[in-house]
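Have a look at the structure below, then the notes.
We count residues from 1, following the sequence as given.
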Amino acid sequence: MMSLGRLRHRATVFLHDLLVVPLAWLGAFWLRFNLESIPPPFWDQALTLLPVILLLQAAVFWWLGLYRGIWRFASLPDLSRIAKAVFVGTLLSAGILMLLTRFEDVPRSVPPLYAVLLLLLLGGPRYLYRLLKDARLVRRETKRVMIVGAGSAGEALVRELHRHGERGLQPVAFVDDDRCTWGKEIQGVRVVGGIDQLPRLAARARADLIVIAIPSASGPAMRRIVGACERSAVPFRTLPCAHNGNLDQVSMHALREVAIEDLLGRAPVVLDWNALTGHITGKVVAVSGGGGSIGAELCRQLALLSPERLIIIDQSEYNLYRIELELREEFPELALAGHLADIRDNVAVSRLLERHRPEVIYHAAAYKHVPLLESQAREVVRNNVLGTRNLAEAAVRFGCSKFILISTDKAVKPTSIMGASKRIAEMLCTSLNGRSDTRFITVRFGNVLGSAGSVVPLFRRQIERGGPVTVTHPDVTRYFMTVSEACQLIMQAGAAGHGGEVFVLDMGDPVSIRYLAEQMIILSGKTPGTDIQVVYKGLRPGEKLAEELFHEQEITEPTGHDKILLARPPELPETGRVSLLPELETACAHHDDRRLLSAIAGLVPDYTPGPLLHTRNIHRGARGSDASMEAYSVAIGPRDPTDEPTAENTAIVLG
């Protein structure tokens, strides 16, 4: 319902327009007679016809919507409506004049002169009113805004700032690396130079705020832009990444502070939706560890693809409750089953898979916190290795089509129990492939931004407390990607895999953790080393200075996706197998850490225990030069050597 004030405004504007019609009509006669007195016959005819012209033009004004716009925001669309109303009104008036008077005592030059005068008298006051309002707003206390990026998003942002000038933000300049735009104007705002010149240009423009309007900027590009903004010592904000690709409409409400995810982000993932639809849509899909950081995001992404049923397995009651509640709210039509279960519980796992018969399983359940797990070898092996075996064997028994193991870069030349356990899980899945109808696929990648226990939320908490921010080593680097990108690529790799592959996600360039810490401090508005100290604590047990994504023996190949690589393990030898996986199980059953670590070392020859395990004086045992090749040899065999292997009774023998 229209407010009284709005009605009053429309009535005032309508009255103004009615008053200018006689001015334009009589003014046209006056101009026709060279600004001299109008002869009496012509003057009488003009006055006689004025009521007809007035009523006709008023009806056209209202019909064509001249009063939908607001004078304060008068723009080209409003001018276009005015021109249309004048043209239609003049055309109809000329037709009526022809019918009523045959243009007797009405010069034929009057209609066009009337149209020109009416256009000026209608459009001029509107434009003048806007100029006066804008001038008043500029005179108020406003922030001068410099915009980085003279593209679609930058142009849309300027339009938005002009539209909401009362909020005190005045665009004063663009900077952009495209030299073709330099010196040109966009919506009346000049492009003054490139991004590298930003500190000098911001000072010259007396900018109070810098807005980064390049939603599609990659991580390296954002780091460069943010570096220039930091050197300018001017506060800066950014528009968020454009997930829907629409850069023509932006909102001032979307402006936010630059986050560390912006600096580490990469180009949006391009997915093969046809392959994903065929892989997921209409199928029963299970996710182990579905309440964790990776597992929960996987569930969200999978729900978008309309599986027949989504099975979530997690041993954390709260995590399971949280993701199930979220999915039921966001996807009310989704058939969803949440199960509180431990993958180490073979009976529970078997019962679940027998009941639901999933066609695709994403195995995300794993212990992952490297330093904590160094003193928890038994629990790591039980969960990451024996739990994986339980789920993999059940997948074979109950006819699962695809089993996708989610692995980590820490499995490459591991120095931690966690990394070694994931390496064994990789070997297990690679060797299981081809021995049944279940296709086993491994996807390996690095750190995920913002995941539980990752360095970003830790640094954020330390900064909020005022520091210090603790970094293990000034030279330590890690690979990072967002959880959304990781999960999309996991699904893409799973869809593309035919079985036996180890897919490695392209993580881009490794990022210095020292840089990460310093940037997070700067983005919080503080100065590293002055406001908040950065303290180096030394590498923790199981940690490396730099992670690797490939084993030396693996042959890397491209795939059909530019962010997914294929790592082919060496050929598996047929001889020299040693039954070490049962040895792991026995060591866990007897809680014998010495025996357990010796078995791990035998399975993963390139495993180098960290300082904590060295102090325990665990003997790793000698291995020959072919040990790394033999370590890939994993065979399915019966738990009892006298039994014959069957689909219902499978076990893993590693050697």
Side-chain angles (χ1 to χ4, degrees), residues 266-290 294-295 297-308 310 358-364 388 391-392 395-396 399-409 411-412 422 425-446 448 479 481-508 549-551 554-571 632:
R266 287 116 58 79
V269 176
V270 178
L271 298 175
D272 182 351
W273 289 106
N274 290 330
L276 287 177
T277 300
H279 178 51
I280 298 298
T281 302
K283 296 184 178 180
V284 180
V285 182
V287 180
S288 72
I294 297 293
E297 181 62 23
L298 260 177
C299 290
R300 296 183 192 102
Q301 301 280 350
L302 291 167
L304 294 170
L305 293 167
S306 302
E308 178 184 332
L310 180 59
E359 298 164 80
V360 181
I361 295 176
Y362 288 92
H363 179 34
T388 298
L391 195 60
V396 171
C400 177
S401 176
K402 279 189 177 182
F403 184 100
I404 298 104
L405 170 70
I406 298 172
S407 189
T408 170
D409 55 359
V412 180
K422 295 299 286 184
E426 285 187 6
M427 295 156 53
L428 186 155
C429 289
T430 300
S431 295
L432 277 172
N433 190 69
R435 302 178 185 275
S436 69
D437 291 335
T438 303
R439 290 169 286 171
F440 287 86
I441 299 159
T442 296
V443 183
R444 184 192 299 159
F445 56 95
V448 172
Y479 292 102
M481 67 167 43
T482 65
V483 65
S484 176
E485 179 183 10
C487 291
Q488 289 173 359
L489 291 176
I490 288 168
M491 293 192 302
Q492 191 73 73
H498 300 290
E501 300 98 340
V502 177
F503 290 110
V504 182
L505 304 188
D506 176 10
M507 301 295 297
L549 292 168
F550 300 96
H551 296 286
E554 289 176 334
I555 301 171
T556 60
E557 299 176 8
T559 65
H561 198 286
D562 59 355
K563 290 191 176 183
I564 302 175
L565 299 173
L566 179 62
R568 291 201 179 277
E571 292 295 326
Y632 276 95

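For E297, the salt bridge (Lys or Arg N to Asp or Glu O under 4.0 Å) criterion is met by R300, not counting sequence neighbours. Among residues two or more places apart in sequence or in another chain, the side-chain hydrogen bond (donor to acceptor under 3.5 Å, both in side chains) test is passed with T438 by none. Remark: T281 engages no residue in a side-chain hydrogen bond (donor to acceptor under 3.5 Å, both in side chains) (not counting sequence neighbours). A search for side-chain contact (heavy atoms from CB on, under 4.5 Å) contacts involving A364 returns I406, not counting sequence neighbours. Under the rule for a side-chain contact (heavy atoms from CB on, under 4.5 Å), A496 has no partner lying at least two apart in sequence or in another chain. Judged as a ring-ring contact (aromatic ring centres under 6.0 Å, His included), and not counting sequence neighbours, the contacts of F403 are H363, F440.
Closest approach of T442 and C429 over heavy atoms only: OG1-CB, 4.1 Å. Taking each heavy atom of V443 and A493 in turn, the nearest pair found is CG2-CB, 3.9 Å. The shortest non-hydrogen separation linking A495 to L276 is CB-CD2, 4.1 Å. In terms of heavy atoms, A392 sits closest to L428 at CB-CD2, 4.3 Å. Scanning all heavy atoms of the two residues, the minimum distance from I361 to A395 falls at CD1-CB, 3.9 Å.
Proximity of L405 to K422: side-chain heavy atoms (C-beta onward) are separated by under 4.5 Å at one or more points. Between Y362 and I294, the closest side-chain pair of non-hydrogen atoms is not below 4.5 Å. Residues I564 and L505 meet the side-chain proximity criterion, which asks for heavy atoms closer than 4.5 Å. Counting heavy atoms from C-beta outward, Q301 and L304 have side chains that approach closer than 4.5 Å.
No donor-acceptor pair closer than 3.5 Å links the side chain of K402 to the backbone N or O of I441. Checking side-chain atoms of Q492 against main-chain N and O of I490 turns up no donor-acceptor pair under 3.5 Å.
Between the CD atom of Q488 and the CG atom of L298 there is a distance of 10.5 Å, given to the nearest 0.5 Å. The distance from the CD atom of E501 to the CZ atom of R444 is 13.0 Å, given to the nearest 0.5 Å. From L565, atom CG reaches atom CZ of F503 across 10.0 Å, with rounding to the nearest 0.5 Å. Rounding to the nearest 0.5 Å places OG1 of T408 at 7.5 Å from CZ of F445. Rounding to the nearest 0.5 Å places CE of M427 at 13.0 Å from OG1 of T388. Once rounded to the nearest 0.5 Å, the distance linking NZ of K283 with CG of L302 reads 12.5 Å.
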